[in-house]
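Because only heavy atoms are used, hydrogens play no part in the values below, and waters and symmetry mates are left out as well, while side chains stay in. Note that ligands are numbered from 1 as they come in the structure, with each ligand's atoms numbered from 1 the same way.
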Amino acid sequence: GSRERSFIMVKPDGVHRGLVGDIIKRFEQRGYKLVGIKVIVPSRELAAKHYAEHDGKPFFPKLVDFLSSGAVVAMVFEGKDVVKTGRTMIGATNPLASAPGTIRGDFGIDMGRNIIHGSDSVDSAMREIALWFKADELADYEPVATPWLYE
Ligand code: DAT
Ligand code: MG
């Protein structure tokens, strides 16, 4: 439904490169509601928990080092089909395989510098949101634009 939520995170490369505003703008103008946002330098422990599904893969240590190497912007967006649509807006895991118009396809080259994370399922989103945010860090409000976005 329209209360679906996704965990969206600008990774350290995206923050260093000044892409935060552009990324927020894309979700905002699509009509998704920002319900949580914070800037943090994740610990290695938090980064490892976030990427737990990849624990044991050859790229895992590098991935954890990278995510915990600097500031990230962690966000929760809400709206109809935001998990799947968010993934479409982000593009493929490998930026070189991502279509222009997608975030990775517009801004990235290498897999290990792919700018942004987005939850891959509603279940992953719930796990990730609980990992990165406390319940009282998520805002409950109704944008006045809602009836002009949803019929
Ligand atoms: P996504 O970020 O598109 O959900 P994923 O969950 O499969 O992709 O992998 C998490 C991150 O790990 C991904 O953004 C970049 C990195 N990664 C994935 N597969 C990789 C590989 N084969 N070699 C190097 N890094 C990889
Ligand atoms: Mg993933």
Side-chain angles (χ1 to χ4, degrees), residues 1-139 149:
S2 61
R3 301 304 296 261
E4 183 174 304
R5 289 176 169 182
S6 187
F7 177 69
I8 301 292
M9 172 171 56
V10 184
K11 299 184 191 180
D13 53 335
V15 175
H16 280 296
R17 292 178 56 204
L19 300 176
V20 174
D22 188 287
I23 288 166
I24 292 173
K25 183 179 176 63
R26 289 171 184 233
F27 282 87
E28 214 175 26
Q29 70 188 8
R30 187 67 187 258
Y32 289 125
K33 175 171 104 173
L34 183 61
V35 298
I37 183 166
K38 64 167 87 167
V39 187
I40 60 168
V41 180
S43 63
R44 296 193 86 264
E45 187 192 7
L46 178 56
K49 278 187 187 164
H50 174 75
Y51 279 129
E53 66 169 307
H54 299 300
D55 196 350
K57 295 180 186 170
F59 60 84
F60 181 74
K62 206 178 72 170
L63 186 59
V64 169
D65 285 346
F66 168 61
L67 196 69
S68 57
S69 71
V72 303
V73 177
M75 294 175 277
V76 177
F77 280 96
E78 183 180 289
K80 191 189 280 181
D81 214 18
V82 64
V83 170
K84 186 161 155 279
T85 306
R87 294 282 293 191
T88 303
M89 291 164 64
I90 286 169
T93 303
N94 182 350
L96 287 182
S98 296
T102 65
I103 293 166
R104 288 169 175 165
D106 284 348
F107 298 127
I109 297 172
D110 275 354
M111 184 106 93
R113 299 286 186 272
N114 66 3
I115 306 150
I116 182 168
H117 167 84
S119 304
D120 65 5
S121 70
V122 172
D123 283 351
S124 305
M126 289 192 287
R127 186 190 75 83
E128 292 164 3
I129 291 166
L131 179 64
W132 290 85
F133 286 92
K134 295 174 184 145
D136 70 359
E137 292 174 327
L138 302 175
L149 281 160

Starting from [atom], locate the nearest protein heavy atom and write down its residue, its atom name and how far away it is, to 0.1 Å.
| atom | result |
| --- | --- |
| atom 16 (C) of ligand 1 | Leu63 CD1, 3.8 Å |
| atom 23 (N) of ligand 1 | Phe59 CD2, 3.7 Å |
| atom 14 (O) of ligand 1 | Asn114 ND2, 2.8 Å |
| atom 22 (N) of ligand 1 | Met111 CE, 3.7 Å |

The single option from Arg104, Met9, Met75 that satisfies side-chain contact (heavy atoms from CB on, under 4.5 Å) with Ile116 is Arg104
Counting only heavy atoms, which portion of [X] has something under 4.0 Å from ligand 1: side chain, backbone, both, or neither?
| X | answer |
| --- | --- |
| Lys11 | side chain |
| Arg87 | side chain |
| Thr93 | both |
| His50 | neither |

Less than 3.5 Å between some nitrogen or oxygen of His117 and one of ligand 1, yes or no? no
Consider every N or O of His54 and every N or O of ligand 1, then say whether any pair is closer than 3.5 Å. yes
What I want to find out is whether Glu137 reaches Lys38 closely enough, with some N-O distance under 4.0 Å, to be called a salt bridge. yes
Asn114 side-chain N/O to Thr93 backbone N/O, donor-acceptor pair under 3.5 Å: yes
Is the side chain of Arg113 donor-acceptor paired with the backbone N or O of Gly108 at a distance under 3.5 Å, no angle test? no
Decide if atom NZ of Lys62 counts as having more than 12 heavy atoms of other residues, nucleotides or ligands within a radius under 6.0 Å. no
Set out, in order, the CA-CA distance, both residues' side-chain angles and the distance that settles salt bridge (charged side-chain N to carboxylate O under 4.0 Å, His left out) for Arg26 and Asp22, then state yes or no. CA-CA 6 Å; Arg26 289 171 184 233; Asp22 188 287; 2.7 Å; yes
Touching ligand 1 at all, Arg104? Heavy atoms, strictly under 4.0 Å? yes
On the 0 to 90° scale, with breaks at 30° and 60°, tag the Phe7-His117 ring pair as parallel, tilted or perpendicular. tilted
Using 30° and 60° as the class boundaries, would you call the ring planes of Phe59 and His54 parallel, tilted or perpendicular? tilted
Which atoms of ligand 1 are found less than 4.0 Å from any heavy atom of Tyr51? 10 (C)
